[in-house]
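Sequential numbering from 1 along the given sequence is applied to the chain's residues. Read the numbers this way: they start at 1 and go in the same order the structure lists the ligands and their atoms. As a basis for the values below, the full set of heavy atoms in this structure was taken, side chains included, without hydrogen atoms, waters or symmetry mates.
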Amino acid sequence: MIPFQYVKPSKQKAAIDTVAKDDTAMFIAGGTNLVDLMKRGIMNPEKLVDINKLPLRKIEKEDGHVRIGALALNGAVAEDKLILEKHPLLSQALNAGASAQLRNMATVGGNIMQRTRCNYFYDTNLPCNKREPGSGCGALQGFNRMHAIFGHSDKCIAVNPSDMNVALVALDAVVLVSGPKGDRRIPFAEFHRLPGDTPQIHTNLQKGELITAVDIPEHPYTKHVNYLKVRDRTSYAFALVSVAAALDLDGSNIKSARLAMGGVAHKPWRLQEAEQFLAGKPATEASFRQAAEIAMRGAKAFEHNQFKLKLGPNTIVQALKNAAAAV
Ligand SMILES: Cc1cc2nc3c(=O)[nH]c(=O)nc-3n(C[C@H](O)[C@H](O)[C@H](O)COP(=O)(O)OP(=O)(O)OC[C@H]3O[C@@H](n4cnc5c(N)ncnc54)[C@H](O)[C@@H]3O)c2cc1C
């Protein structure tokens with residue numbers, strides 16, 4: 001770990017200006033991802049700007065949406081009364097992540113920004129275009145069991161590891177950011193990037209931009225929801241495949257659906273064609289199976305993650321069944 005400076009401003013503008021003006025400066029929130037990356041020499045900021053004094057922790061109902069501050073803790077959001085009532089899918093996704101201790105340190109902004117768990121990214125002795133552009137992708141011909149089946153490139157096949165992000169993309173969340181050039185709103189589906197030729201850039205956040213909050217618009221998905229995460233052990237492990245499913249039902253017919261997957265792409269993977277297929281169909285296993293087939297179109301696996309081509313659709317079907325049966 002290299003020596004670094006540490007500052008803890010109480011004004012948002014000071015935090016943003018410090019990171020915007022210094023190429024080696026980074027924000028730190030809970031530190032549960034960044035400190036690990038620093039200890040391993042994967043990220044080497046020379047200045048850490050601790051944002052924990054900024055007033056960004058509130059979870060509030062506003063006109064047409066719920067606003068969650070970027071510093072709200074993952075555990076606090078998951079247990080919040082308003083979130084449980086309006087966005088139970090988000091609560092389920094958060095509770096599927098990490099451990100209770102980590103959820104009580106990790107923030108919403110940090111979770112959105114967390115880096116991939118690809119072993120080749122984490123091992124500085126191995127090639128990784130994401131960590132060291134131009135060095136190659138070790139996973140492509142290597143041990144790629146955890147890796148992407150959608151949207152990958154010949155430069156990178158890593159996946160986004162967040163559970164929360166899968167629920168937020170399904171719920172059409174919007175990320176609020178503030179930067180040296182002012183404020184802007186980024187639809188969640190446009191926040192993270194596919195790897196293409198520049199896998200080292202994992203989001204569309206610009207230098208110095210601070211995530212201040214996330215807005216989740218009102219929607220009818222307050223009951224028939226399920227976040228289903230399949231992993232090697234039932235806690236404290238990242239998803240092999242996960243599915244966020246939400247249904248708006250009229251009796252046993254589907255009025256509308258929301259569907260997204262995790263553990264399968266460089267960004268949380270929204271399944272809009274499958275959602276459109278489900279609208280107006282009966283909530284039966286046959287409909288769910290057809291939706292899953294549509295969802296898996298275009299999937300391409302590698303040597304060690306062929307199992308995701310079966311696990312993916314089976315997880316979609318089971319998540320939809322669980323959502324339909326939720327009381
Ligand atoms: C052992 C272990 C198991 C885990 N398991 C899971 C799991 O199963 N599922 C899951 O989803 N996650 C899991 N996690 C990841 C965990 O959720 C993240 O580490 C956490 O959400 C990061 O939040 P943080 O506040 O600690 O971020 P930090 O570590 O403080 O920051 C992470 C990154 O975000 C940036 N950042 C932070 N806040 C902002 C902001 N407001 N604006 C702009 N940039 C910002 C930082 O500069 C840094 O680049 C696990 C982590 C560990 C260590």
Any side-chain donor paired with an acceptor under 3.5 Å for [X] and [Y]?
X: Lys86; Y: His65; answer: no
X: Arg193; Y: Asn204; answer: yes
X: Asn111; Y: Gln114; answer: yes
X: Asn160; Y: Arg115; answer: no
X: Gln318; Y: Asn322; answer: yes
X: Asp22; Y: Thr24; answer: yes
X: His304; Y: His147; answer: no

Below 4.0 angstrom, N of the basic side chain to O of the carboxylate: do [X] and [Y] qualify?
X: Asp36; Y: Arg40; result: no
X: Asp232; Y: Arg145; result: yes
X: Arg184; Y: Glu209; result: yes
X: Glu218; Y: Lys61; result: yes

Can you list the ligand 1 atoms lying under 4.0 Å from a non-hydrogen atom of [X]?
X: Leu34; result: 29 (O)
X: Leu210; result: 40 (C), 41 (N), 42 (N)
X: Asp36; result: 53 (C)
X: Gly30; result: 24 (P), 25 (O), 26 (O), 30 (O)
X: Asn74; result: 21 (O)
X: Asn33; result: 19 (O), 29 (O)
X: Gly97; result: 7 (C), 8 (O), 9 (N)

Considering heavy atoms of the protein only, find what lies nearest to [atom] and give residue, atom and distance to 0.1 Å.
atom: atom 35 (C) of ligand 1; result: Met113 CB, 3.7 Å
atom: atom 49 (O) of ligand 1; result: Met26 CE, 3.3 Å
atom: atom 9 (N) of ligand 1; result: Asp163 OD2, 2.7 Å
atom: atom 19 (O) of ligand 1; result: Thr32 OG1, 2.7 Å
atom: atom 27 (O) of ligand 1; result: Gly110 CA, 3.3 Å
atom: atom 25 (O) of ligand 1; result: Thr107 OG1, 2.7 Å
atom: atom 41 (N) of ligand 1; result: Ile211 O, 3.0 Å

Under a 4.0 Å heavy-atom limit, does [X] contact ligand 1 with its side chain, its backbone, both, or neither?
X: Lys229; value: side chain
X: Val177; value: neither
X: Leu56; value: neither
X: Ala237; value: backbone
X: Ile112; value: neither
X: Ser99; value: neither

For ligand 1, is there an N or O atom under 3.5 Å from any N or O atom of [X]?
X: Met105; result: no
X: Ala29; result: yes
X: Ile28; result: no
X: Glu209; result: no
X: Ile51; result: no
X: Gly31; result: yes
X: Ala98; result: yes

Could you check which of [options] puts a non-hydrogen atom nearest to [atom]?
atom: atom 51 (C) of ligand 1; options: Met164, Arg117, Gln114; result: Arg117
atom: atom 52 (C) of ligand 1; options: Thr212, Asn111, Thr203, Leu102; result: Leu102
atom: atom 48 (C) of ligand 1; options: Phe27, Tyr236, Phe238; result: Phe27

Item to check | Over 12 foreign heavy atoms within 6.0 Å of NZ, Lys8 | outcome: yes
Checklist entry - Centroid-to-centroid, Phe188 to His192, below 6.0 Å? => result yes
Next on the checklist: Under 6.0 Å from the ring centre and within 45 degrees of the ring axis: does the NZ or CZ of Lys281 meet both conditions for the six-membered ring of Phe277?
Outcome noted: yes
Next on the checklist: Whether Lys300 engages the ring of Phe302 as a cation-pi pair (distance to the six-membered ring centre under 6.0 angstrom, angle to the ring normal within 45°) should be assessed.
Outcome noted: yes
Item to check | Set of residues satisfying side chain to side chain donor-acceptor pair (under 3.5 Å) with respect to Lys321, sequence neighbours excluded | outcome: Glu285
What side-chain donor-acceptor pairs closer than 3.5 Å can you find for residues 254-264, not counting sequence neighbours?
from   : atom 1 : to     : atom 2 : distance (Å)
Ser256 : OG     : Tyr221 : OH     : 2.7
Arg258 : NH1    : Ala170 : O      : 3.0
Arg258 : NH2    : Asp172 : OD2    : 3.3

